[in-house]
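Note that these values count all heavy atoms, side chains included, but never hydrogens, waters or copies made by symmetry. Below, chains carry the letters A, B, ... as their sequence lines are ordered, and counting in each starts from 1.
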There are 2 protein chains.
Amino acid sequence: MTKPKQVTIVEVAEAAGVSIATVSNVLNRGGIRSSKETIRKVELAAEQLGYRRNTMAAGLSRNKTFEIGLIIPALTSYYGTLAEHLQIEAHNAGYHLSVFSSGGFDPEIERRHLEVLLQRRVDGLICHGLAMGFETTRSIVNSGTPLVMINGWNWPADIATGAVNLGFAGACRDSVKVLAERGCEAICYIGSKRAKVIDEQRLLGFHAGMTQFGSGIKHEIVDAMGLDVESYLNGLMQRHAQPIGIVAFDDHVALRVLSAANKLHIDIPNRLKLIGINNEYIAKESYPGISSWDIPYQDQALMAISKLLHKFADKADSGEDREIEVPLTFIERQTTKF
Amino acid sequence: MTKPKQVTIVEVAEAAGVSIATVSNVLNRGGIRSSKETIRKVELAAEQLGYRRNTMAAGLSRNKTFEIGLIIPALTSYYGTLAEHLQIEAHNAGYHLSVFSSGGFDPEIERRHLEVLLQRRVDGLICHGLAMGFETTRSIVNSGTPLVMINGWNWPADIATGAVNLGFAGACRDSVKVLAERGCEAICYIGSKRAKVIDEQRLLGFHAGMTQFGSGIKHEIVDAMGLDVESYLNGLMQRHAQPIGIVAFDDHVALRVLSAANKLHIDIPNRLKLIGINNEYIAKESYPGISSWDIPYQDQALMAISKLLHKFADKADSGEDREIEVPLTFIERQTTKF
DNA sequence: CTGTTAGCGCCTTCAG
DNA sequence: CTGAAGGCGCTAACAG
């Protein structure tokens, strides 16, 4: 099937009895103003012929695409929701967001998508904490395309224009605080190493919390992957005095813990207290409800887009706020109530 | 920040001491073959200068973009996962998938994204059961761009090249069968009207199941939105003899039911049996585990992409299989076990 | 094999 | 306010 030829500006011009330049003018507003009459003629012709502007041609000639590329590890839960918000904010700013998933932190896929996006000459890039590492990233994004990171800590300024990060560390620190205040005798963090940097931040916060609020309280750290939650919980209950507190990597992990506890008839929250992260619907809809940290999606999205626009406008880097931290909000439910 | 000028084919040609046509040839293979020496020179030059092909220019000149647009209602759960699989299959076929969310069946956003995609001159389109309706869709997609539907039933051939649909109806029919066989005295479907066509199909199957397997069994239908599950369950238990069976719209809804049942200490599966759809991790990780229907993501993705490629190749429509139905697989867990 | 030469569809000075 | 003309970067015949 040969692609049927689409109607072009030329045909519209003929139909309207004006030059192509005039058509271009009225169809892209903002520019030079034309006589009412001309505008009417052109718009009518365009309408009737079913004219649709060719983005490639436009982009080519004006060296600007109004497209922003987004690379995230997946299209589910937190990532998917974030992408939706970014898409909305991008739209509000007159841009258009193309979303790509790197299939769970796969550096090779990341690279591929980045390459494609750069070949498309997107105006800007938003990436979620790349798995690729600084050097590789730098060698690819040396083109001067602005890049803002989502949840990317300590990226050199020559690679990333900036970053807007969630306060995972703070959330985990405060989770420890809550659990300590509620009288937990031991506190455990169930992480997820394959989430890389995201996990590191949580761990950082967890340790900070233990140092700050956990004097005299035992703690341990395990990874969710391949963990037999049931027997782990059993062990915990035997090894430590109760109640025991658990900080889960996210609500998914929290659900696993909750289910195991229910199965073992462990009294929640009296003998076991649990906190998740992300505040997904499962936290709200499970029984008992899981205390969790809510994510300010819109803020994060808005800030990321703003940073990009800022850069497009060639504003001088405002120095200090290259790396923005957005705090999460604690939503308390039954798993931590007294 | 003015976009820094990128290196073009011309500069590579100069550096390599050949013509631009030659550069184009060696850099895009497949075409004409060149001498080893030339290839080396060109590739070296391109490498050193950091040349990156400009997709817009290429697309413009060859009237083919190798891009496929995807519009789905959201970027989470089923939709997000499907998108990931589609992205992979598209890649395997040498295409590139741009994903857009219509923010939960919003016809206006659908329209906007469609328009953008068409302006980009994508080679093909994949849409998840558009909320727009036939007429509106037809008026937009009259450009001859192939469109295949995902979960779109009865779309006219002049709009959609084809469709690959999940067997929701069959799954719901068989859910009824399972529940009836397990001795349920009453069976209830908790739907989700806002999911439109997806809900309709389930309902269709539910009714078929009741007719076929449910003689003498009571049944009722409610909508999940705004439903107070707890009191609904209470009412159910009073109105009907037990056990009672519930077919939930999806695993999310099923989780709500499960939690309410747990809270009310309703014995699952002896007094209440429950089946979800999608087989998400919550079905597997909740307690008790929720019986659910697994989705053949890869098959569906592969078929959708194949249909498009088929169309690109200008193959005659193979008539019969315009609308493909992909069956789901029942995964039985504790909520329906005896 | 390699180079020349037209476009692809649109935007943008610059004259009229 | 409108039209003519020269690109944007690349590909696709054709010649050589």
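Heavy-atom contacts of chain B under 4.0 Å fall on DNA chain C between two terminal nucleotides, which in 5' to 3' order are C:dC1 to C:dG9. Heavy-atom contacts of chain B under 4.0 Å fall on DNA chain D between two terminal nucleotides, which in 5' to 3' order are D:dG9 to D:dA12.
Using a 4.0 Å heavy-atom cutoff across all strands shown, B:Val18 reaches sugar-phosphate atoms only and no base atom. A:Ala58 comes within 4.0 angstrom of sugar-phosphate atoms only, judged by non-hydrogen atoms across all strands, and of no base.
Rounding to the nearest 0.5 angstrom, the gap separating the OG1 atom in A:Thr161 from the CE atom in A:Met149 is 11.0 Å.
A:Leu166 and A:Pro296 get closest at one heavy-atom pair: CD2-CD, 4.0 Å. Closest approach of A:Ser139 to A:Thr136, counting heavy atoms only: OG-O, 2.7 Å. Nearest heavy atom pair, residue A:Thr65 against residue A:Val122, reads OG1-CA, 3.6 Å. Across B:Ala83 and B:Ile72, no two heavy atoms sit closer than the pair CB-CD1, 3.9 Å.
Mapping B:Ser61 and A:Ser61 onto DNA chain C by nearest heavy atom places B:Ser61 at the nucleotide closer to the 5' end. Mapping B:Arg62 and B:Thr22 onto DNA chain C by nearest heavy atom places B:Thr22 closer to the 5' end of the strand.
Applying the side chain to side chain contact (heavy atoms under 4.5 Å, CB included) test to A:Glu115 and every residue at least two apart in sequence or in another chain returns A:Arg111, A:Gln119, A:Ile140, B:Arg52. A:Tyr297 meets the ring-ring contact (aromatic ring centres under 6.0 Å, His included) test with A:Tyr78, A:His85; sequence neighbours excluded. The ring-ring contact (aromatic ring centres under 6.0 Å, His included) check on B:Trp155 picks up B:Phe134, with sequence neighbours excluded.
Rounded to 10 degrees, the angle between the two end axes of the helix from C:dC1-D:dG16 to C:dG16-D:dC1 is 40°, with five pairs used at each end.
Side-chain atoms of A:Lys307 come within 3.5 Å of backbone atoms of A:Arg322 as a donor-acceptor pair (strictly under, hydrogens ignored). At least one donor-acceptor pair under 3.5 Å links the side chain of A:Thr81 to the backbone N or O of A:Ser77.
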